[in-house]
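Heads up: the structure comes next, in structure tokens.
Order of the sequence lines fixes the chain letters, A, B, ..., with proteins taken first and strands second; residue numbering starts at 1 for each chain.
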4 protein chains.
Amino acid sequence: MSEKEDYLVGEFPFIPRQERAQQKRKALLESGQILFAAKGYEQTTAKEIAAHAKVATGTFYRYFSDKRQLLMALLEDEIDNFLAPEPHWFSSNPEFVLASLLETHANRLQKSGLYRVLPEILSKDLELAEVMQAARIRIHARILSGLQLIYEKGLTWRDLDLDILAWSIMILVENGHEKERQGGNRINYQELAKVICRLVFPPEVLEKLRNDGEA
Amino acid sequence: MSEKEDYLVGEFPFIPRQERAQQKRKALLESGQILFAAKGYEQTTAKEIAAHAKVATGTFYRYFSDKRQLLMALLEDEIDNFLAPEPHWFSSNPEFVLASLLETHANRLQKSGLYRVLPEILSKDLELAEVMQAARIRIHARILSGLQLIYEKGLTWRDLDLDILAWSIMILVENGHEKERQGGNRINYQELAKVICRLVFPPEVLEKLRNDGEA
Amino acid sequence: MSEKEDYLVGEFPFIPRQERAQQKRKALLESGQILFAAKGYEQTTAKEIAAHAKVATGTFYRYFSDKRQLLMALLEDEIDNFLAPEPHWFSSNPEFVLASLLETHANRLQKSGLYRVLPEILSKDLELAEVMQAARIRIHARILSGLQLIYEKGLTWRDLDLDILAWSIMILVENGHEKERQGGNRINYQELAKVICRLVFPPEVLEKLRNDGEA
Amino acid sequence: MSEKEDYLVGEFPFIPRQERAQQKRKALLESGQILFAAKGYEQTTAKEIAAHAKVATGTFYRYFSDKRQLLMALLEDEIDNFLAPEPHWFSSNPEFVLASLLETHANRLQKSGLYRVLPEILSKDLELAEVMQAARIRIHARILSGLQLIYEKGLTWRDLDLDILAWSIMILVENGHEKERQGGNRINYQELAKVICRLVFPPEVLEKLRNDGEA
DNA sequence: AATGAATGAGTGTTCATTCAT
DNA sequence: CATGAATGAACACTCATTCAT
């Protein structure tokens, strides 16, 4: 195959080593993602991934030390997607902004499908569990600091614990995409956003924000 | 159990057959629970469970047709514990009632530790996944009908979708026990209850309930 | 149970020990025969035999040292049935006599069904194979000596090797019952007897025997 | 095979892939044959076959889906050898022709030793049993049609049932090789052929055939 | 003598990983 | 670098046999 590319002067005689290698790596990653999402981690064998990526079994182990490492490489890129995105509250219509945030998040998850393996992995991979936990703490902290901002401006309920509030928001945002699967009708992100905003803004604040936005 | 029989004259020279058999079964169940919770389902072999219960491998298969069946026997007793308990809103202090509900639920879960395997199993065992889903739909329906009662009495927010509201409560209650593990300080159930109650009751309703209770 | 039999004077207070024991032994033998014939030797477990005989697993091992021994006990009684019965040639109608011999043999085999396990066992049990071989040698010798009698009287072909002849007869008689199963119509023992008699008697001798019988 | 490629300039630096793989497959087949013949089918484990072929257990399963399949592969090549070869009667010396047929058949069987497992398998493998039965029916039909030819020419006994006759020949030919094992001296194929020919040809026909051949 | 629960070695089979080519 | 055949430890599960009761 590569011989056919040789006869052109001035062209790359072949795809550079590294690039070709990276193509295989990429193919393996993609195949891993597809198969993990479809069949689960344990149920997918290294051989299958290699076959799906159209490389030999041994090649798998040139690019990844083992099956776990391939999964980690996949998760590395996605881990932040699994967690709740951070809502931004300053807007004339926070409910609407939040709703689209929720939808985007759900779509991202559904697309990769990889979140399906997470529960399977977390129970056996302490290291990954720690990474995830750290990420969640980060997310929680970010949501919390956002809440503190609006707290200082007197825009939020004064009788709720901000830490718990942040955690509740994180949980709801994180799980929003599951509603459909877990029981019931397709989720209405607009309504979920409304519920979350109720936890953050007293009704009169929400009203005021809208008016300010229009003005 | 057998201790109660000791005070009678003419003791049993040995533990009766059936009881001994049930002891082994129980030992296997306990070992299964401990090992599943500690290492995950797939990571635990039938041999290990048997060894931990101090019986031979074959004995495992006398009491359970396979590993899955042992797990199912364990879950059968616990499946309802995994899901959110149903909150009751009619009380002079719904926040307090809810807080103790949350705490009880969390303690139950932590004690068995079995909820840790659920995610792993649900991804592979379609049958169990369906059972769980059905249970969640039931819980959701119950929470929803509770909300409808107070909605009819005008005690709840009028601008929130009750279906989403019920779902949000379910998610928060279900995950409450996870807060500690997932990130941060030990959860304060009182504060979580407050957050949930905010979703249900406008502040003035809550105030009124308290006064009515005192009066 | 046996206590209830005590109150009658002059009766056996209970079935004698040995007899009861022999009943269990017999039941086990029967169950073994039925199950071995139906499912094969390896496919039948000691537990199954005990269950079928309505005794406990352990009881099996009181009466037989192991599964093999039960089989041997069964075969001991039947081994001669498996082999060709010895034909008797002196009769005014040897074909007819032989035909009923064949039929009796076939019926005996079909009834016990145990001959089905023989091939399975012979391949793994050298000892039994030797016993069988010895029995065949005995049968062969007996058939041979029968042939020698009529040879001396000039009643048989003079150009056939009597040893081979005896062997051929043994094989045909032994396998007669299989014809039906192996391919084809139900065997006609009369015709098979005719074929075998052709190997023994020249046609004119056969004719003469018939006439002498009538005379 | 590869030796033939050596005399060419530029030898293969190593045995080609495919050939090596086939060598392992062949080694496994051979080991299977040897062990099955020596110890029987059930008594031989896949692990043993692999060990005997000096490959790892897993390698066994690369070439054969299971033990049964290996056996089937072995039998596929041999199944026709197990059955009686078809005698041809038109010859100036049918006894001699038949004798060498018998001997060739016996040698083929003794060489592979595989026929020893047949009885064991047939009792458990319905599919194979059917294949064998079909083969026997075929053989029987062929022998029968051969007999019909000579019957039409008036060369055979007129008072024997051709169907039974064909069956008897098949049985004798099929079992000829067993005589040695089952009891007695090494079989004299010449004499067995004589016996079988007696069933087919009246003595005077046999005589005539010889004279015609000489003329 | 009888029971049947308990034993544990042994089976077929899979799959992550290695390594000769 | 790539290949894919080879490896062998590990697993779920069975069953002949033993043994406490």
Next on the checklist: Rounded to whole Å, how long is the line connecting atom CD of C:Gln69 with atom C1' of F:dA16?
Outcome noted: 14 Å

Checklist entry - Is any side-chain heavy atom of A:Arg68 less than 4.5 Å from a side-chain heavy atom of A:Glu127? => result yes

Item to check | Distance below 4.0 Å between D:Lys47 side-chain N/O and E:dG12 OP1 or OP2 | outcome: no

Item to check | salt bridge (charged side-chain N to carboxylate O under 4.0 Å, His left out) pairs, two or more places apart, involving residues 30-42 of chain D | outcome: D:Lys39-D:Glu48, D:Glu42-D:Lys124

Checklist entry - Are the side chain of D:Lys67 and the backbone N or O of D:Thr44 linked by a donor-acceptor pair below 3.5 Å? => result yes

Next on the checklist: Counting only side-chain nitrogens and oxygens, does B:Lys24 get under 4.0 Å of the OP1 or OP2 atom of E:dA5?
Outcome noted: no

Checklist outcome for this item: Sorted by number, residues from residues 31-46 of chain D placing a heavy atom under 4.0 Å from DNA chain E are D:Thr44, D:Thr45, D:Ala46

Checklist outcome for this item: Of B:Ser65 and C:Asp66, the one whose closest nucleotide on DNA chain F sits nearer the 5' end is B:Ser65

Item to check | Residue pair D:Phe60 / D:Asp66, side-chain heavy-atom distance below 4.5 Å | outcome: no

Checklist entry - Does the side chain of A:Arg62 get closer than 4.0 angstrom to OP1 or OP2 of F:dC1 through an N or O atom? => result no

Item to check | Separation of E:dA6 P from B:Arg25 CZ (nearest whole Å) | outcome: 13 Å

Checklist entry - Looking at B:Tyr61, does any N or O in its side chain come under 4.0 Å of the phosphate oxygens OP1/OP2 on F:dC13? => result yes

Item to check | Minimum side-chain heavy-atom gap B:Leu114-B:Val117 below 4.5 Å | outcome: yes

Checklist entry - Atom CG of B:Leu28 to atom C1' of E:dT7: distance rounded to whole Å? => result 13 Å

Checklist entry - In whole angstrom, what separates B:Gln22's CD from E:dA5's P? => result 11 Å

Checklist entry - Given B:Ile49, which of B:Val55, B:Leu35, B:Thr57 fulfils the side-chain contact (heavy atoms from CB on, under 4.5 Å) condition? => result B:Leu35

Item to check | Summary of salt bridge (charged side-chain N to carboxylate O under 4.0 Å, His left out) pairs that have at least one residue in residues 53-65 of chain A, sequence neighbours excluded | outcome: none

Cut-off 3.5 Å, no hydrogens considered: what does the side-chain donor-acceptor table look like for residues 70-78 of chain C, sequence neighbours left out?
unit_1: C:Glu78; atom_1: OE2; unit_2: C:Gln33; atom_2: NE2; d: 3.0
unit_1: C:Glu78; atom_1: OE2; unit_2: C:Ser112; atom_2: OG; d: 3.4

Checklist entry - Does C:Lys24 make a cation-pi contact with C:Tyr63 (under 6.0 Å, within 45 degrees of the axis)? => result no

Item to check | D:Gln43 side chain reached by D:Phe36 side chain, heavy atoms, under 4.5 Å | outcome: no

Next on the checklist: Can you see if the side chain of B:Tyr63 gets near the phosphate of E:dA5 - specifically, an N or O under 4.0 Å from OP1 or OP2?
Outcome noted: no

Checklist entry - For B:Ala46 and B:Tyr61, which heavy atoms make the closest approach, and how far apart are they? => result CB-OH, 3.5 Å

Item to check | Close approaches to DNA chain F from residues 48-60 of chain D, in residue order (heavy atom, under 4.0 Å) | outcome: D:Val55, D:Ala56, D:Thr57, D:Gly58, D:Thr59

Checklist outcome for this item: Taking pairs as Watson-Crick (N1-N3 plus N6-O4 or O6-N4) or G-U wobble (N1-O2 and O6-N3), each distance under 3.5 Å, the stems of three or more consecutive pairs with DNA chain F are E:2-21 with F:2-21

Checklist entry - Whole-Å distance between F:dT21 P and B:Gln23 CD? => result 12 Å

